[in-house]
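Naming convention: chains lettered A, B, ... in sequence-line order (proteins, then strands); numbering from 1 in each chain.
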There are 2 protein chains.
Amino acid sequence: MHHQPATVRRVTIVDVARHAGVSTTAVSKVLRNAYGTSSQMRSRVNAAVDELGYRPSAAARALRGRTWTLGVMLPDVRNPFFADILDGVAEHLDGTEYQLFMTSGCDDVTSEARVTEAMIDRSMDGLILIAPVSRPAHLERVGRTVPTVVIGRHSRSTGFDTVNDDDFAGAGLMVAHLAGLGHRRIAHIEHRETDPVRLAEMPNALRADGYRHAMLSHGLGEHIDIVSTGYTRDGGYHGARILLDRPVPPTAIFAGADVVALGVLDALTEAGLSVPGDISVSGYDDITLAGFRPISLTTVDQGGHRIGTTAIRLLLDRITDPGRPAARVKLAPTPVVRATTGPPR
Amino acid sequence: MHHQPATVRRVTIVDVARHAGVSTTAVSKVLRNAYGTSSQMRSRVNAAVDELGYRPSAAARALRGRTWTLGVMLPDVRNPFFADILDGVAEHLDGTEYQLFMTSGCDDVTSEARVTEAMIDRSMDGLILIAPVSRPAHLERVGRTVPTVVIGRHSRSTGFDTVNDDDFAGAGLMVAHLAGLGHRRIAHIEHRETDPVRLAEMPNALRADGYRHAMLSHGLGEHIDIVSTGYTRDGGYHGARILLDRPVPPTAIFAGADVVALGVLDALTEAGLSVPGDISVSGYDDITLAGFRPISLTTVDQGGHRIGTTAIRLLLDRITDPGRPAARVKLAPTPVVRATTGPPR
DNA sequence: TTGAAAGCGCTAACAG
DNA sequence: CTGTTAGCGCTTTCAA
């Protein structure tokens, strides 16, 4: 490496081979426990590896074989829902040689492209993309280049596996809960979406669709009221401000994500309104904070942990067998009723 | 790559050279804008790069030069304070060739070692370690192997730069605030620490020290009351339960971190106590959620964003000049008074 | 200013 | 079962 004195040269496979009195091929084979090594050879090599403290260079490996590196692209470290997914992913990786690296802060097509390219440039063995906004053609190309699992995008592509929550059904569950409590003016805050493709594939769009559909089937079509902001706390805050300014404000606000619901609660607190006395609030995701007593948010659990374990299982499968047909997993959400929803006044 | 058909072979430097009618050496030089290239050559090469959509293989580069990859090790994605640091780091990287990858979930010496080794194996050009718990010798070795900046550890090592909040002073500020409100029985919840080295270097230990020192200097030595749990929401919850069970409970709880304070609020809500009416609560970090109105947590701002920008500046410096003496930056914290603290009953 | 050639550490044919 | 050998894609002396 350019920055270190020659004296601390890294131990290489050649050093190990010399120390063990065998060929580098032998060392390589033992390391990858490939076919054709005697147990005697294995023990000699392993001993040399331990004595010398040898560690294979992922860079050199990358030129021929795999890097044992997996990449996760997440849109936003601040959304704690993604931590649940990561937990699930990491769990399955314990005890394997794989190392997971993640990137954050991809909010647009350009930065997403930069990140996916960066991961491919670094010869990662597999990618997990969470709620990507890229165009299908780009995702398809990524999937053709490297084994890829896409989470949070209802895509019908064939080049990669997908894992999704049934967002349409989940939104329906929440509307049913609120309507069951007697609410009629149930408003929804969604993440603004204009791109026609994403309008059909992104979870936020499907939740809005599910809301619309459920309102109609509960005979509340005339009360459909959707505010488009963003899936952030700020988005929730501003969305709530807009809804409170309506001539006849809603009696319940169904936010498309828990972080959005937090922003709603922020605005309601500021306005001096009580929850659920004056107005009911619900979210989506069931982040850990939703169970936090001072908040106790009613929400929809999409099982982030299970999404993570499913995704990593699919990814490892696909690395083993890149040719197998794309899987399309859709997991069922469950409503979680806590303290922010109640009957209307 | 083993998983893709030969037909989609990656464009290499050889392809670019052939297409531009020059040598691979020339291409390499232009790419790294090294010394000794005519402007004519530069434009020809750049044109070929664009036409072919060439992207250098980081893996191949790693064997000779740099990878343009930086690694950030964070202990816990769930602690939103780290997001502030990451924002600061990412900001300075915009427009550079560097790509940042992070790992999470290193809670012990073993997994930290695994992660740092993994980053070194992958020939990363620089590392930022956040609140590492490893032994100094290990950190020193990492720092000698690759340019490293350590955040959140008051170490006096010479092999890497450090960026820290003045945790001792920060804790003093909070005690002063609470004492100024008239509190005497001010308890503290800390992250359990037994290792003698970490007891001198970790922020949590210094905050506890600062608390102790400040209590004494305010003449409240007899009321010093420290509960050792962990810097998580759970830790705060259990710490508060312990404190509430005291024969004479404290009138104020100073949690060593905001996430801990959230756990405290959780426990107080459960116990039916009002904040700050019955008891005052404060945290440390000033995470975004602290400003969330329904919580409005009094805390200490350690300026995560500035910590991040400082760290990345130092890291890029050190990559450029690995020989320069280690910097030791300590940033001043500021108290942020919100709604969870008030005069005692 | 340019290019030929060696080699970074590893894996994978292919002989032995 | 074992070792020799030829690269992977790039950077870097060193001549021209």
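- A distance-only check finds no donor-acceptor pair linking the side chain of E91(B) to the backbone of T309(B) [under 3.5 Å].
- At the phosphate of dT12(D), OP1 or OP2 sits under 4.0 Å from a side-chain N or O atom of R32(B).
- Comparing the end axes of the helix from dT1(C)-dA16(D) to dG16(C)-dC1(D), each fitted to five base pairs by superposing C1' atoms of four pairs onto the next four, gives an inter-axis angle of 40° (nearest 10 degrees).
- Separating the CG atom of L52(B) from the C1' atom of dG9(D) is a distance of 15 Å, rounded to the nearest angstrom.
- Atom OH of residue Y54(B) and atom CG of residue N46(B) lie 12.0 Å apart, to the nearest 0.5 angstrom.
- A residue-by-residue look at A60(B) and M41(B) shows that M41(B) has its nearest nucleotide of DNA chain C further toward the 5' end.
- Remark: the backbone N or O of H92(B) is not paired with any side-chain donor or acceptor of T96(B) at under 3.5 angstrom.
- For R135(B), the CZ atom counts as loosely surrounded, since its 6.0 Å shell holds 12 or fewer non-hydrogen atoms of other residues, nucleotides or ligands.
- Put simply, the side chain of F82(B) does not reach to within 4.5 Å of the side chain of M102(B), judged on heavy atoms.
- Counting to the nearest Å, the P atom of dC10(D) and the CD atom of E97(B) are 13 Å from each other.
- T162(A) and H154(A) share no side-chain donor-acceptor pair at under 3.5 Å.
- Distance, Q40(A) CD to dC1(D) P: 12 Å, rounded to whole Å.
- Under 4.0 angstrom from either OP1 or OP2 of dT11(D) there lies at least one side-chain N or O belonging to R61(B).
- You'll find that the side chain of L63(A) is closest to dG9(C), out of dC10(C), dC1(D), dG9(C).
- Of the candidates dG3(C), dG9(C), dC8(C), the closest approach to any side-chain atom of K29(B) belongs to dG3(C).
- For the pair L31(A) CG and dA12(C) P, the computed distance is 12 Å after rounding to whole Å.
- Closest to the side chain of R64(A), out of dG9(C), dC1(D), dC10(D), is dG9(C).
- Evaluation of the side-chain contact (heavy atoms from CB on, under 4.5 Å) rule for R18(A) yields V14(A), D15(A) as partners, not counting sequence neighbours.
- Looking at heavy atoms from C-beta onward, P147(A) lies out of side-chain contact with D125(A) at the 4.5 angstrom threshold.
- A heavy-atom distance below 4.0 Å to DNA chain D is reached by these residues of residues 12-28 of chain B, ordered by number: T12(B), I13(B), T25(B), S28(B).
- With hydrogens and angles left out, the side-chain atoms of R122(B) and T67(B) include no donor and acceptor closer than 3.5 Å.
- If you measure from atom CZ of R10(A) to atom P of dG9(C), you get 9 Å, rounded to the nearest angstrom.
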